[in-house]
Student: 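Handing you this structure, nothing more for now.
Each chain gets a letter, A, B and so on, in the order the sequences are listed, and its residues count up from 1. Predicted, not measured: the structure shown is a model, and the values here were computed from it.
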2 protein chains.
Amino acid sequence: MFSVPTKTQYGIRALVHLARMEGSSAASAEIAKAEGIPPKYLEGILGQLKTAGLVHSERGKNGGYRLARSASDLRMIEIVEALEGEVKPVGCLDDSAVCAQGDCCLPRIFWVGLKGAIDGYLESKTLLDVIES
Amino acid sequence: MFSVPTKTQYGIRALVHLARMEGSSAASAEIAKAEGIPPKYLEGILGQLKTAGLVHSERGKNGGYRLARSASDLRMIEIVEALEGEVKPVGCLDDSAVCAQGDCCLPRIFWVGLKGAIDGYLESKTLLDVIES
DNA sequence: GTATATTCCTACTAATTCCATGGGAATACG
DNA sequence: CGTATTCCCATGGAATTAGTAGGAATATAC
Ligand code: FES
Ligand code: FES
């Protein structure tokens with residue numbers, strides 16, 4: 001239950017790798033080899049992280065990726081949301097017209113609480129916390 | 001991200017329904033109709049809940065299902081685990097020989113923490129809490 | 001300016017998991 | 001016996017996830 005897609009696991013491992021480079025950049029293929037991630041797959045993952053503004057990239061020879069901010073300023077929830085979208089246990093979180101209960105569905109309140117518990121944890125941790133734990 | 005399978009949503013709705021019956025039993029088809037759940041699918045779900053010991057059943061005419069315990073003594077984590085298995089964000093939670101980091105993988109500590117946050121919430125809530133929220 | 005290393009883009013395939021449905025056997029009641 | 005119900009097993013379709021493939025664009029080095 002609640003298994004995390006490989007995409008997110010790979011993404012975090014890649015960012016951990018970058019965070020340890022102390023500002024210098026690393027090529028996608030280099031990270032892939034070091035971390036045991038399928039190279040072509042990682043390219044796409046880093047692309048998503050770039051779109052979200054979490055990493056910067058330079059192309060051409062000697063190009064590569066580096067963190068857009070310091071690891072201490074990068075919350076884990078940003079990474080998760082960049083790769084998989086918002087935490088949303090059930091589709092009806094916003095949409096109250098779905099369920100038999102109609103207006104005030106009891107289970108929904110429970111799910112909202114679960115989202116809060118997960119979001120709270122992910123917001124409380126930074127990439128630096130992960131590296132130094 | 002972290003979407004909950006319909007099976008679990010249906011299972012919880014069914015248990016909420018049973019909890020409101022004040023001890024008397026309800027047939028699977030009856031619950032399915034009232035809650036808008038595919039009838040044949042619900043049969044299987046209730047079967048799992050029975051195997052886990054959360055509900056009792058009687059078959060034959062006038063048979064049906066009822067809660068095995070009072071709603072206040074039924075933790076939500078028991079329901080989730082009965083239907084989907086243990087909360088396990090990544091496959092390598094136990095198994096330390098998976099990742100490139102080898103022995104002490106940093107991301108793993110992060111995932112263990114996430115499991116703790118989710119489990120903590122699910123353990124803190126009972127079926128009665130859901131009904132009375 | 002040519003060779004090379006790299007990101008970037010789009011499309012495709014393969015594998016896995018999720019979501020049910022179907023048919024009927026076993027059981028209980030009256 | 002007839003009916004209502006749980007129970008068991010197998011199957012199929014849909015959706016999501018995981019990974020591949022090929023090559024265009026761009027920067028550097030010589
Ligand atoms: S609105 Fe989501 S379960 Fe009722
Ligand atoms: S052991 Fe799970 S990511 Fe390293």
Side-chain angles (χ1 to χ4, degrees), chain A residues 1-14 17-18 21 24-68 80 83-85 88-91, chain B residues 1-14 18 21 24-68 80 83-85 88-91 98:
Chain A
M1 184 64 168
F2 291 123
S3 70
V4 172
T6 61
K7 189 200 278 188
T8 301
Q9 297 180 46
Y10 291 158
I12 290 174
R13 297 232 301 266
H17 187 100
L18 286 178
M21 308 273 308
S24 64
S25 73
S28 175
E30 175 190 334
I31 301 171
K33 186 171 183 186
E35 301 285 338
I37 301 171
K40 270 300 209 178
Y41 196 23
L42 181 59
E43 275 186 27
I45 295 169
L46 287 168
Q48 273 187 265
L49 293 172
K50 177 191 168 69
T51 300
L54 303 186
V55 301
H56 289 152
S57 68
E58 284 173 87
R59 45 185 190 179
K61 202 162 183 175
N62 301 328
Y65 296 88
R66 63 193 161 78
L67 292 187
V80 168
L83 295 173
E84 309 288 345
K88 197 168 186 183
V90 294
Chain B
M1 185 62 167
F2 292 123
S3 70
V4 172
T6 60
K7 189 200 278 188
T8 301
Q9 298 180 46
Y10 291 159
I12 290 174
R13 297 232 302 265
L18 287 178
M21 308 273 309
S24 65
S25 74
S28 175
E30 175 190 334
I31 301 171
K33 188 171 183 185
E35 301 285 339
I37 301 171
K40 269 302 210 178
Y41 196 24
L42 181 58
E43 275 187 27
I45 295 169
L46 288 168
Q48 274 188 266
L49 293 173
K50 177 192 167 67
T51 300
L54 304 186
V55 300
H56 289 152
S57 67
E58 284 172 88
R59 44 185 188 180
K61 203 162 184 175
N62 302 326
Y65 296 88
R66 63 195 160 75
L67 292 186
V80 168
L83 294 174
E84 308 288 345
K88 198 169 185 185
V90 294
V98 175

Student: Can you tabulate the close N/O pairs, meaning under 3.5 Å, that link protein atoms to atoms of nucleotides 25-30 of chain D?
Tutor:
from, atom 1, to, atom 2, distance (Å)
D:dA25, O3', A:Arg59, NH2, 3.4
D:dT26, O4', A:Arg59, NE, 3.3
D:dA27, N3, A:Lys61, N, 3.4
D:dT28, O3', A:Asn62, ND2, 3.3

Student: How close do A:Arg13 and A:Glu35 get, heavy atom to heavy atom, and via which atoms?
Tutor: NH2-O, 2.8 Å
Student: Looking only at side-chain N and O atoms, does B:Tyr65 come under 4.0 Å of OP1 or OP2 in D:dC7?
Tutor: yes
Student: Show your reasoning for whether side-chain contact (heavy atoms from CB on, under 4.5 Å) applies to B:Thr8 and A:Met1.
Tutor: CA-CA 10 Å; B:Thr8 301; A:Met1 184 64 168; 4.2 Å; yes
Student: Counting side-chain heavy atoms from CB outward, which of C:dG24, D:dA18, C:dA20 is closest to B:Lys40?
Tutor: C:dG24
Student: Expressed in angstrom and rounded to an integer, what is the separation of A:Leu49 atom CG from C:dC8 atom C1'?
Tutor: 15 Å
Student: Among D:dT6, D:dG19, C:dA20, which is the nearest nucleotide to the side chain of B:Ser28?
Tutor: D:dT6
Student: Once you round it to whole Å, what is the distance between P of D:dC7 and CD1 of B:Ile45?
Tutor: 14 Å
Student: Could you tell me how far apart B:Lys7 (NZ) and D:dA15 (P) are, to the nearest whole angstrom?
Tutor: 19 Å
Student: Taking CE from B:Met1 and P from D:dT16, how many angstroms apart are they, rounded to a whole number?
Tutor: 15 Å
Student: Measure the CD1-CG distance between A:Ile37 and A:Leu42 for me, rounded to the nearest 0.5 Å.
Tutor: 5.0 Å
Student: Among D:dT20, C:dC19, D:dC7, which nucleotide sits nearest the side chain of B:Glu43?
Tutor: D:dC7
Student: Taking the minimum atom-to-atom distance to the side chain of B:Lys50, which one of D:dA18, D:dC7, C:dT6 wins?
Tutor: D:dC7
Student: Which sits closer to the 5' end of DNA chain D, A:Tyr41 or B:Gly64, going by the nucleotide each is nearest to?
Tutor: B:Gly64
Student: Select base, sugar-phosphate, or nothing to describe what B:Gly44 touches, counting heavy atoms under 4.0 Å on all strands.
Tutor: nothing
Student: To the nearest 0.5 angstrom, please state how far the CD1 atom of B:Ile31 sits from the CG atom of B:Leu18.
Tutor: 4.0 Å
Student: Strictly below 4.0 Å: does B:Thr6 bring a side-chain N or O up to OP1 or OP2 of C:dC18?
Tutor: no
Student: Does B:Glu30 have any salt bridge (charged side-chain N to carboxylate O under 4.0 Å, His left out) partners at least two apart in sequence or in another chain, and if so, which?
Tutor: none
Student: Atom CG of A:Leu42 to atom C1' of C:dT6: distance rounded to whole Å?
Tutor: 13 Å
Student: Rounded to whole Å, please give me the gap between OH in A:Tyr10 and C1' in D:dT17.
Tutor: 11 Å
Student: Would you be so kind as to tabulate the donor-acceptor pairs closer than 3.5 Å made by side chains of residues 44-64 of chain B, with sequence neighbours excluded?
Tutor:
from, atom 1, to, atom 2, distance (Å)
B:Gln48, OE1, B:Lys7, NZ, 2.9
B:Gln48, NE2, B:Ala82, O, 3.3
B:Gln48, NE2, B:Leu83, O, 3.4
B:Lys50, NZ, B:Ser57, OG, 3.1
B:Thr51, OG1, B:Gly47, O, 3.0

Student: Rounded to whole angstrom units, what separation is found between the CD atom of A:Gln48 and the C1' atom of C:dT10?
Tutor: 15 Å
Student: Starting from C1' on C:dT6, measure out to CD1 on A:Ile31 and report it in whole angstrom.
Tutor: 12 Å
Student: Counting only N and O atoms by type, is there a donor-acceptor contact under 3.5 Å from the side chain of A:Glu43 to the main-chain atoms of A:Ser28?
Tutor: no
